[in-house]
Amino acid sequence: MPEPVDAVEMRTALAELRRTSGLPVAFGGLLSDARHARIAELNGARTGALRGLVISAGSGLGGKAIALGRPCAVTDYPISRHISHEYDTAVAAEGLRSVVAVPVVVRRTVRGVLYGALRTPVSLGDRTFDAAVAAARDVEQALAVRDEVRELLALTREQVAAGPGAAPGAWEDVREAHRELRALVPRVVDPALRDELLAVCGRLASASGARTPAAAMEVRLAPREVDVVACVAAGATNAAAARQLGLRPETVKGYLRSAMRKLGAHTRLEAVVAARRAGLLP
């Protein structure tokens, strides 16, 4: 079975679409299988007629966008000759006329569809198209991050279970996974997934068995300080860490300087060793 629709990410994108485009109605949902999407989120709707509607690939405007993998629009939905009309009853109940539908595509696979609509039959301009595409891209990026997180979590579970007895090469994989997961945390919108991610990072950090209780009690690094030290542990320069974390090099330098002070370290290597002893890094 597919994962349930991520309401937070879709809801955020729909609100942004309405804000940037001026369209009064936005709605959308993710695919439940290769050919069907369920409308799960509405923004600006006057009725619940569209909620729960299952869109089949090739059917209606959204189904056309799913099948073609590109944005599609109509100026007057009820009389358009360019789409089929399986969903006219729901569309009419909401009073929609001009509609744009944009597929959500992740790794060349359509994962959902997002709509923006007017209740008057007017031609939609480039600004509206650009706003709809940008909103769909936001959902795509969020889903890509979720996919990457879940793949990394799956790869680390066995390594965490192995703990200190893991082979040296496997333990380096644990450290790299920890660094990558920490870098993804700020990009995760879903609070439940973010909490899960942080919990796994904590288990990875303490899995080596090198944690010194006294040191752990004395050291309290901010999340971004831990991220920077994790990058340093992987051999990254300040510039490379900045690229990985989406920060400026000067900001990375500031976080590293603060972390070193808290860890009582005078060099980058000492900071990494102290962080591992405190159970902050694997």
Side-chain angles (χ1 to χ4, degrees), residues 1-106 109-140 142-143:
M1 291 292 291
E3 294 181 0
V5 171
D6 192 298
V8 175
E9 290 156 359
M10 182 63 74
R11 194 178 301 130
T12 300
L14 295 178
E16 182 66 9
L17 171 56
R18 288 190 65 200
R19 186 188 70 80
T20 56
S21 69
L23 294 172
V25 187
F27 52 101
L30 300 186
L31 269 66
S32 56
D33 57 42
R35 293 186 56 81
H36 300 90
R38 179 178 176 273
I39 304 303
E41 292 298 324
L42 311 176
N43 192 307
R46 294 172 179 169
T47 74
L50 297 168
R51 188 179 300 279
L53 201 64
V54 176
I55 308 300
S56 300
S59 299
L61 183 67
K64 183 177 180 180
I66 291 170
L68 297 178
R70 61 175 175 78
C72 297
V74 293
T75 300
D76 198 350
Y77 194 104
I79 63 173
S80 175
R81 297 181 179 180
H82 303 294
I83 59 172
S84 59
H85 289 273
E86 292 88 345
Y87 312 110
D88 281 8
T89 300
V91 171
E94 189 57 44
L96 305 181
R97 304 293 289 275
S98 294
V99 186
V100 59
V102 183
V104 174
V105 183
V106 181
T109 299
V110 178
R111 297 276 294 275
V113 63
L114 184 151
Y115 302 79
L118 287 164
R119 295 188 173 90
T120 53
V122 297
S123 180
L124 299 173
D126 290 343
R127 175 172 172 266
T128 300
F129 270 89
D130 290 346
V133 170
R137 297 295 173 269
D138 288 343
V139 179
E140 290 168 3
L143 291 177

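For the numbers below, each heavy atom of this structure counts, side chains included, while hydrogens, waters and symmetry mates do not.
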Any Asp88 side-chain heavy atom under 4.5 Å of Tyr77 side chain: yes
Flag side-chain contact, heavy atom, 4.5 Å: Pro24 against Leu118: yes
Heavy-atom pair of closest approach, residues Glu9 and Ala142: CD-CB, 3.5 Å
Approximate separation, where rounding is to 0.5 Å, of Leu114 CG and Leu30 CG: 10.0 Å
Listed partners of Tyr87 passing ring-ring contact (aromatic ring centres under 6.0 Å, His included), at least two apart: none
Inter-residue atom distance Thr20.OG1 - Asp130.CG, 0.5 Å rounding: 9.5 Å
Under the salt bridge (Lys or Arg N to Asp or Glu O under 4.0 Å) test, residues paired with Asp76 that sit two or more places apart: Arg97
Side chain Ser32, main chain Ala37, donor-acceptor under 3.5 Å: no
Test side-chain contact (heavy atoms from CB on, under 4.5 Å) applied to Val104 and Thr109, Ile66, Leu143, the passing residue: Leu143
Minimal non-hydrogen separation, Ala101 against Val113, with atom names: CB-CG2, 4.2 Å
Whether Arg70 side chain and Pro103 backbone form a donor-acceptor pair below 3.5 Å: no
Residues which pass salt bridge (Lys or Arg N to Asp or Glu O under 4.0 Å) with Arg19, listed by chain and number, not counting sequence neighbours: Glu16
Shortest non-hydrogen contact from Ser59 toward Ser84: CA-OG, 3.4 Å
Main-chain N/O of Ser80 paired to His85 side chain as donor or acceptor, under 3.5 Å: yes
Which residues share a salt bridge (Lys or Arg N to Asp or Glu O under 4.0 Å) with Arg18, sequence neighbours left out: none
Heavy-atom donor-acceptor pair, Arg51 side chain to Ile39 backbone, under 3.5 Å: no
Listed partners of Arg119 passing salt bridge (Lys or Arg N to Asp or Glu O under 4.0 Å), at least two apart: Glu94
Over all atoms of both residues, closest heavy-atom pair of Lys64 and Cys72: CG-SG, 3.8 Å
Side-chain donor or acceptor of Ser98 paired with backbone N/O of Val122 under 3.5 Å: yes
Where Ala117 and Val99 come nearest, the two heavy atoms and their spacing: CB-CG2, 4.0 Å
Min side-chain heavy-atom separation Leu96-Leu50 under 4.5 Å: yes
N/O donor-acceptor pair under 3.5 Å between Arg111 side chain and Leu31 backbone: no
Minimum-distance pair of heavy atoms, taken over all atoms of Gly116 and Leu17: CA-CD2, 4.1 Å
Donor-acceptor contacts under 3.5 Å from residues 131-140 side chains, at least two apart:
unit_1 : atom_1 : unit_2 : atom_2 : d
Arg137 : NH1    : Glu140 : OE1    : 3.4
Arg137 : NH1    : Glu140 : OE2    : 2.8
Glu140 : OE2    : Val105 : N      : 2.9

